[in-house]
Amino acid sequence: MKYNVEEISRRRTFAVIAHPDAGKTTLTEKLLLFGGAIHVAGAVKNNKIRKSATSDWMEIEKQRGISVATSVMGFDYQGYKVNILDTPGHQDFAEDTYRTLTAVDSVIIVIDGARGVEEQTRRLMEVCRMRKTPVIVFVNKMDRESQDPFDLLDMVEEELQIATTPLTWPIDSGDRFKGVYNIYDQELELFSGADKTHVSERIQVDLDSDELLKYVTEAQAKRLKDDLELIGGVYPQLDIDSYLRAELAPVFFGSALNNFGVKELLDTFVKIAPSPRPVQAEERLVDPYEEPLTGFIFKIHANMDPNHRSCIAFLKICSGKFERNTYYTHVRHGKQMRFSSPTAFMAQKKEIVDDAYAGDIIGLPDTGNFKIGDTLTSGEVLNFRGLPSFSPELFKYVENADPQKQKQLQKGLSQLMDEGVAQMFTNSYNGRRIVGTVGQLQFEVIQYRLLHEYQASCRWEPISLYKACWLSCDDSTVLEEFKRRKMQYMAVDTHGRDVYLADSAYLLNMAKEEFPQISFHFTSEF
């Protein structure tokens, strides 16, 4: 029997992804604004409006105007429970975004109308394709001079390898931008972009009446009608099944900053986006409507509240219903745990929840019990996969810059590594700690957060390495021989696994030739 069908099927859990500066966080703000979760939106660029964005709550994000952590926010809208994950666009934090994509049922991709599809968007789309995640495309910044909308659709189809169907259509761009025509509801919606912080009114007009010319020029009216005729002939009708199979992407045009086209996106999204989908565990396929609880930790965040040095583990519920103060099994530890204060989020404002259903994301206070990928169940032994750590690209020795703060540094590094910000390896030869990251910005974030959240200061020392490889081998004597011969290049990660630190591609290939029985892995999942 299906369990809690009504509650679970009204859940919509999705991530907003894009290249940096395409307007992801601004769009998230406006979705929250339309959802009534906030009443004044703050643009992400600090000079635009006094308030910085609700979803960018870490101090370093407010200073730089970028998102470096995934924020989780939920609100109710038209009878649906919407959970948004706003992801970092900066490529140095791609790993955080990849992991977030394992916890969502669908995705909204934001594309800059002037720049089109960019590098980071392509990489993220590959992950969506791999997981067959349905996507909706929002072409943003139409209030600036943009590329021709037909060219943009061609680019999306070619670069992201997915068929498209426009559901709204822009009337011009830049200073001449007048609004969008909603093809899905067949009505024209014009906005006044005078007040960027509140939701503006909408005006409905019949396309064939002269009233249209009150709002747009004759040339714009003619072009709109011609475009709509062409769209009818060229693009397929919206087929919801093709969208859910991740074969067709509905496209919306607008300007998140000016609230253009955002409500159309949200209204259509809640109607067509998938409710929680079955999740593949190693042991079996988990159906969201099963009664027993299952869920996995996809993210850990230290210090969401600077007054309390606590970590929060984000749990994606895959099936059943989570209840406060009920015992659940922590599969890796094999022990029972209960939570007296599970929280739901509005960026960093959080409230204690009594229950949550499949599709929801809740925060569990963590004192070091959880690692990314851990599973909570009502008792069954299940393991969810697909949360790998990738081999870092950049490496530095981390040294304590203040000997009196050794304890704080230790705790800070350990919590930030558990969070998945970066990876730490301990060199087996000299015992020195090496931090590996995907991008330079992560070193700055770690240093900043250690100082401001743990009062510990660290300094980085250069080390020249090419790749970190996890090792596996069926013959333990061969592995021991390899570790003995390569002693100065061996390390262990925070899970105690052997890692070979190759200092050049040449030496890595030599090692592979010399020890064919050993497998070298570039992700921690093998």
Side-chain angles (χ1 to χ4, degrees), residues 90-96 98-99 119-120 123 371-372 387-401 406 409-410 412-414 416-450 457-526:
H90 202 288
Q91 68 194 38
D92 290 6
F93 297 91
E95 210 170 303
D96 195 18
Y98 294 149
R99 281 198 287 260
E119 177 59 33
Q120 192 62 10
R123 285 169 60 183
K371 285 190 160 53
I372 286 173
L387 292 147
S389 300
F390 297 87
S391 177
E393 314 272 319
L394 300 171
F395 301 87
K396 287 183 180 178
Y397 282 123
V398 58
E399 295 295 341
N400 186 1
Q406 181 62 30
L409 182 73
Q410 202 68 35
L413 281 172
S414 147
L416 292 177
M417 297 308 136
D418 280 350
E419 214 182 276
V421 174
Q423 292 170 67
M424 192 158 67
F425 307 102
T426 307
N427 190 313
S428 307
Y429 182 64
N430 56 20
R432 291 183 76 180
R433 288 172 303 190
I434 298 165
V435 169
T437 69
V438 190
Q440 181 57 39
L441 183 62
Q442 280 163 304
F443 289 116
E444 293 174 39
V445 169
I446 291 168
Q447 197 162 21
Y448 182 93
R449 288 186 62 187
L450 282 171
S457 46
C458 74
R459 65 171 185 272
W460 303 111
E461 288 188 13
I463 173 176
S464 168
L465 289 175
Y466 165 66
K467 272 277 186 226
C469 307
W470 286 271
L471 305 174
S472 66
C473 181
D474 295 333
D475 188 337
S476 57
T477 50
V478 172
L479 192 59
E480 285 309 314
E481 172 63 12
F482 178 84
K483 284 160 68 172
R484 193 181 61 74
R485 298 250 307 263
K486 307 284 182 188
M487 183 65 173
Q488 65 199 83
Y489 298 110
M490 290 306 298
V492 289
D493 68 6
T494 47
H495 300 280
R497 292 174 296 204
D498 290 320
V499 178
Y500 170 55
L501 304 171
D503 60 356
S504 71
Y506 173 72
L507 281 179
L508 178 59
N509 289 331
M510 288 283 288
K512 284 179 177 174
E513 281 172 26
E514 217 178 324
F515 290 88
Q517 304 98 310
I518 294 180
S519 303
F520 295 81
H521 306 276
F522 294 114
T523 72
S524 63
E525 246 179 40
F526 46 83

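Computed from a predicted structure; not experimentally measured.
For the pair I434 and M424, the minimum side-chain heavy-atom distance is 4.5 Å or more. When side chains are defined from C-beta on, R433 counts as touching Q410, because their heavy atoms get closer than 4.5 Å. The shortest distance between side-chain heavy atoms of F425 and F395 falls below 4.5 Å. Residues L508 and C469 have side chains in contact (heavy-atom distance under 4.5 Å, counting atoms from C-beta outward). With a 4.5 Å cut-off on side-chain heavy atoms, K371 and H495 count as touching. Between D474 and Q517 there is no side-chain heavy-atom pair separated by less than 4.5 Å. Side chains of L450 and L409 form a contact here, defined as non-hydrogen atoms less than 4.5 Å apart.
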(request) Take Q406 and N400 through the test side chain to side chain donor-acceptor pair (under 3.5 Å) and record every step on the way to the result. (result) CA-CA 7 Å; Q406 181 62 30; N400 186 1; 2.8 Å; yes

(request) Run the numbers on R432 and E399 for salt bridge (Lys or Arg N to Asp or Glu O under 4.0 Å), then give the verdict. (result) CA-CA 8 Å; R432 291 183 76 180; E399 295 295 341; 2.8 Å; yes

(message) As a quick check of understanding, evaluate salt bridge (Lys or Arg N to Asp or Glu O under 4.0 Å) for E461 and R459, giving each step before the final call.
(response) CA-CA 7 Å; E461 288 188 13; R459 65 171 185 272; 3.6 Å; yes

(request) Evaluate ring pair (Phe, Tyr, Trp, His ring centres under 6.0 Å) for Y500 paired with F482, printing each intermediate quantity in order. (result) CA-CA 10 Å; Y500 170 55; F482 178 84; 5.2 Å; yes

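The distance from the OG1 atom of T477 to the CZ atom of R484 is 12.0 Å, given to the nearest 0.5 Å. Atom CG of D498 and atom SG of C473 lie 11.0 Å apart (nearest 0.5 Å). Atom CG of residue L465 and atom CG of residue D503 lie 6.5 Å apart, to the nearest 0.5 angstrom. To the nearest 0.5 Å, atom CZ of residue F515 and atom CE of residue M510 are 11.0 Å apart. The CG atom of D475 sits 11.0 Å away from the CD atom of E481 when rounded to the nearest 0.5 Å. Note that the CZ atom of R497 and the CG atom of L471 stand 11.5 Å from one another [nearest 0.5 Å].
With Q447 contributing its side chain and C458 its backbone, the two residues share a donor-acceptor pair below 3.5 Å. Checked by atom type and distance alone, the side chain of S428 pairs as donor or acceptor with a backbone atom of M490 at under 3.5 Å.
Aromatic rings of Y489 and Y429 (six-membered ring for Trp) have centroids beyond the 6.0 Å cut-off, not under it. Residues W460 and F443 bring their aromatic ring centres within 6.0 Å.
Across every non-hydrogen atom of Y397 and P462, the tightest pair is CD1-O, 4.0 Å.
Between V435 and the options M417, K396, Q423, a side chain to side chain contact (heavy atoms under 4.5 Å, CB included) holds for only M417.
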